[in-house]
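Only one structure is covered here, and it is reproduced in the block below.
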Amino acid sequence: MGSRASAPCPCAERVRDAASGADTCAIVVAGGSGERFGDPRGKQFVDLCGLPLMSWSIMALDRAPSVGAIVVVCAPDRVAQVEKDVLARLSLAKPVTLAPSGATRQDSVRSGLDATPRELPLVAVHDAARPLVEVEQIEAACAAVRADDSLAGAILATRSVDTLKLVEGTTIVATPDRSFYWAAQTPQVFRRRVLLAAHKAAAHEEYQGTDDASLVERMGGRVCVVESTRDNIKITLPEDLALAEATLERRLLG
Ligand code: CTP
Ligand code: MG
């Protein structure tokens with residue numbers, strides 16, 4: 001499985017060769033069991049326009065000029081499947097290493113983070129279950145962090161379109177001002193050392209966050225949003241797949 005942060009990264013030389021100027025290691029978390037999706041193959045492996053679903057985000061990250069290396073996090077018993085059915089079918093320009101997933105998404109990100117090369121100062125954490133991410137969006141998130149030294153990170157997000165209700169039981173207790181609310185997506189890009197410190201603190205304090213930004217925020221790190229599109233959905237329920245298929249077909253055709 002992937003290298004640990006304390007060991008020299010075996011792919012460091014290739015990182016420099018493959019993408020001079022690239023400063024970001026992508027971490028694709030693909031170690032979930034897809035309970036809500038419900039397919040025994042796991043949602044990251046179901047067919048989407050002729051390829052296993054997780055292939056699409058790996059290809060987008062591979063094409064992003066900021067990305068110099070990719071770490072794919074998957075269950076140890078899925079390594080052969082990822083190598084044969086996903087990686088071997090793509091001709092990727094960037095070096096890919098695999099890291100073992102953990103019991104929670106947060107554990108999986110930490111595992112991936114430990115396998116990232118120190119040479120790349122930024123990391124972009126991405127859900128394998130978001131196949132529709134585009135190169136421009138990845139670049140925008142990386143550029144936001146790069147452009148502002150005071151930022152710990154930047155995440156893709158969309159403005160809330162629905163009116164939000166704060167509800168207790170079934171009773172509405174407040175209607176907050178929608179303009180303050182954004183829906184978080186991935187990639188979430190951070191300075192590698194900051195995200196590593198935030199994960200170590202969270203593990204030490206047994207804190208489980210719902211995304212990586214929340215771990216950095218609670219340490220006082222400033223994280224900004226980069227406006228994304230609603231296309232970049234996370235495949236969660238079976239009906240999400242048809243929507244992804246339609247969007248991808250539209251893109252591929254035209
Ligand atoms: N993930 C992971 N390791 C885990 C849990 C989740 O790498 N222990 C990954 C998933 O593979 C997915 C991403 O995190 O790409 C977002 O998680 P989610 O959409 O919740 O996927 P699952 O946990 O697989 O789905 P569910 O919650 O329905 O079981
Ligand atoms: Mg989950």
Side-chain angles (χ1 to χ4, degrees), residues 1-2 25-48 51-62 67 70-83 85-87 90 96-116 123-134 137-138 141 155-158 183-190 195-196 198-199 202-203 206-216 228 230-244 247-248:
M1 292 298 259
C25 184
I27 300 169
V28 180
V29 282
S33 51
E35 296 287 323
R36 287 169 290 178
F37 190 82
D39 190 296
R41 290 169 292 177
K43 63 183 179 182
Q44 55 276 60
F45 296 102
V46 298
D47 181 89
L48 176 60
L51 289 171
L53 187 142
M54 64 187 283
S55 314
W56 295 98
S57 54
I58 294 174
M59 286 192 288
L61 290 159
D62 186 63
V67 172
I70 300 170
V71 174
V72 176
V73 183
C74 69
D77 63 357
R78 297 289 194 131
V79 167
Q81 189 181 0
V82 168
E83 285 175 340
D85 296 348
V86 180
L87 300 176
L90 306 174
V96 180
T97 46
L98 298 182
S101 57
T104 66
R105 182 185 181 282
Q106 191 168 312
D107 295 336
S108 293
V109 174
R110 173 63 196 276
S111 169
L113 205 43
D114 286 344
T116 58
V123 292
V125 182
H126 186 65
D127 293 327
R130 289 187 193 271
L132 298 176
V133 70
E134 297 190 272
Q137 296 173 323
I138 299 163
I155 71 166
L156 290 189
T158 53
Q185 299 180 342
T186 69
Q188 301 198 342
V189 179
F190 304 92
L195 187 60
L196 195 52
H199 269 267
E206 295 182 10
Y207 175 86
Q208 282 287 330
T210 50
D211 70 351
D212 293 283
S214 64
L215 306 190
V216 173
S228 179
R230 296 174 74 205
D231 275 359
N232 184 24
I233 55 166
K234 181 162 71 66
I235 307 300
T236 305
L237 301 169
E239 57 261 38
D240 298 332
L241 192 60
L243 189 59
T247 306
L248 204 50

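Order of listing sets the numbers, starting from 1, for every ligand and every atom in it.
Annotation: salt bridge (Lys or Arg N to Asp or Glu O under 4.0 Å) contacts of E134 (sequence neighbours excluded): R251.
A salt bridge links R105 to D212: at least one charged side-chain nitrogen sits closer than 4.0 Å to a carboxylate oxygen.
Using a 4.5 Å cut-off on side-chain heavy atoms (C-beta onward), M54 and L87 make no contact.
Of the inter-residue distances, the one linking I27 atom CD1 with D127 atom CG reads 12.0 Å to the nearest 0.5 angstrom.
Residues lining ligand 1 at a heavy-atom distance below 4.0 Å are given as V29, A30, G31, G32, S33, G34, E35, R36, K43, Q44, G102, A103, T104, R105, S108, D127, A128, A129, K234, ordered by chain and residue number.
Between the side chains of T104 and D107, at least one donor N or O lies within less than 3.5 Å of an accepting N or O.
A donor-acceptor pair is defined here as one N or O able to donate and one able to accept, closer than 3.5 Å; no such pair exists between the side chain of S228 and the backbone of A157.
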